[in-house]
Trainee: 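Before we start, here is the structure in question, set down as structure tokens.
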Amino acid sequence: VSDLLGEFDLESPLEGKLLRIEIFRGIEDPHLVGIERQWMPVLRARSALAALEIKQRQIADDGARFQALQDALQDCGAPDGHWDWRQKVLPVAQSVAHASFVVTCAGHIEAAMLCDLTRRARIAAQQDELINYVDYLAVAPWNRPQVQSPRKLRGLGQLLIATAVSLSLDEGFKGRLGLHSLPQSETFYAECGMTNLGPDKGYSNLKYFEFTDEQAEAFLTDPGTN
Amino acid sequence: MLVLERLAERRGLTKSALLRQALRLYESIERRLDKGERLFLENLEKREKMELVLV
């Protein structure tokens, strides 16, 4: 069962006013249905268009073609068009090692996050200490500037990262947090104050970011407004 | 429960946080064993490798 963690007012660039959102711990079936019906048709259509565009360019080199597709998916705001949230969430729904969160606004699913509480830190100063690892984080297509301008809500990323830091604090991990970033989000995590440890060869070369306890505390004090 | 206090201090966790973490570790290992994976302890210097069997 989802637990309501809190209600907040976030800026809506689209509507030019504050909108009330709710954040819940626990992604349930109705949330997954919302993601599948509201997010995925948009993301899959954009992914398909990006793939078609790359195919038409007839790039001979496999590596160059793969990179061009990744770039096109980033540019169209759908690098996660292949994610299956149901498949990610349901196997760990009852797990004490994972925690999931969902943000809603008037019945619409605005953002979702899945965390793993069994990972270890990589920064030398906190090497092997327990961290909260953000496995997956995404906002709805209409909250992405690449998909819709002006977007519906602004500040969802900060809200979810603050939620993840709070979970880390609650678990006694002192705010330590880690994640692998999709290319389009690297600037966001750097601006949050996370340390960029560079590309991870063991994780599709995505860059790995981590918060120390001091960085997490600084973030909670001033999360920024992007 | 001296061991609980010692481990909690070593990991910088409260005792309840340590117990939650132990449960997570046990659950994670069980999930992987259920998938058919096996758990080993390895000493590279002595070239020893032992399978850890959970009860």
Side-chain angles (χ1 to χ4, degrees), chain A residues 3 25-26 86-101 113-136 163-179 202-203 210-217, chain B:
Chain A
D3 292 325
R25 178 167 178 168
R86 182 173 294 276
Q87 197 179 49
K88 296 179 190 311
V89 170
L90 287 188
V92 297
Q94 305 299 323
S95 164
V96 292
H98 296 80
S100 61
F101 300 88
M113 176 171 69
L114 182 62
C115 298
D116 181 344
L117 294 162
T118 63
R119 305 289 188 97
R120 305 279 178 158
R122 300 185 184 186
I123 290 177
Q126 58 187 20
Q127 184 99 39
D128 287 336
E129 297 286 350
L130 290 161
I131 59 168
N132 176 13
Y133 176 81
V134 178
D135 227 344
Y136 298 99
T163 302
V165 169
S166 298
L167 176 63
S168 172
L169 290 167
D170 290 345
E171 292 297 335
F173 303 167
K174 301 180 179 174
R176 293 184 299 265
L177 191 73
L179 56 85
Y203 204 93
E210 198 168 282
F211 259 153
T212 63
D213 47 356
E214 291 92 354
Q215 289 169 332
E217 188 180 346
Chain B
M1 292 294 278
L2 275 176
V3 66
L4 180 58
E5 289 180 13
R6 184 172 57 79
L7 285 172
E9 187 179 341
R10 187 173 167 186
R11 300 305 318 180
L13 296 171
T14 63
K15 284 180 273 188
S16 56
L18 181 82
L19 286 174
R20 282 200 301 273
Q21 204 56 34
L23 198 58
R24 287 186 189 115
L25 179 63
Y26 201 105
E27 185 196 37
S28 297
I29 291 172
E30 258 211 339
R31 182 178 294 121
R32 298 190 71 156
L33 291 175
D34 286 347
K35 286 184 191 169
E37 296 179 40
R38 294 160 74 186
L39 181 63
F40 289 94
L41 294 175
E42 189 171 15
N43 186 325
L44 291 175
E45 285 181 11
K46 294 183 180 175
R47 295 186 179 181
E48 287 178 352
K49 194 172 181 180
M50 291 178 296
E51 183 171 7
L52 195 63
V53 180
L54 293 192
V55 291

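Heavy-atom basis, side chains included; hydrogens, waters and symmetry copies ignored. Chain letters run A, B, ... following the sequence lines, proteins first, then strands; residues in each count from 1.
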Trainee: Does CD in B:Glu51 sit with more than 12 non-hydrogen atoms of other residues, nucleotides or ligands closer than 6.0 Å?
Mentor: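 Yes - once you tally the heavy atoms of other residues, nucleotides and ligands closer than 6.0 Å, there are more than 12.
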
Trainee: Heavy atoms under 4.5 Å from chain A: which residues of residues 14-35 of chain B carry them?
Mentor: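 Those residues of residues 14-35 of chain B which have a heavy atom under 4.5 Å from chain A are B:Ala17, B:Arg20, B:Gln21, B:Leu23, B:Arg24, B:Glu27, B:Ser28, B:Arg31.
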
Trainee: How about A:Gln94: does its CD atom have over 12 heavy atoms from other parts shown lying under 6.0 Å from it?
Mentor: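 No, the 6.0 Å shell around CD holds no more than 12 heavy atoms from other groups.
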
Trainee: Mind checking salt bridge (Lys or Arg N to Asp or Glu O under 4.0 Å) for B:Arg6 and listing every partner two or more places apart, or none if nothing turns up?
Mentor: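 B:Arg6: no salt bridge (Lys or Arg N to Asp or Glu O under 4.0 Å) contacts found.
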
Trainee: For A:Glu129, look at atom CD and say whether over 12 heavy atoms of other residues, nucleotides or ligands are found less than 6.0 Å away.
Mentor: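 Yes, enclosed.
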
Trainee: Going by residue number, which parts of residues 117-127 of chain A are within reach of chain B, meaning a heavy-atom gap below 4.5 Å?
Mentor: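 Result: A:Leu117, A:Thr118, A:Arg120.
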
Trainee: B:Phe40: which residues meet the ring-ring contact (aromatic ring centres under 6.0 Å, His included) condition with it, sequence neighbours left out?
Mentor: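 Per chain and number, B:Phe40 pairs via ring-ring contact (aromatic ring centres under 6.0 Å, His included) with no residue.
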
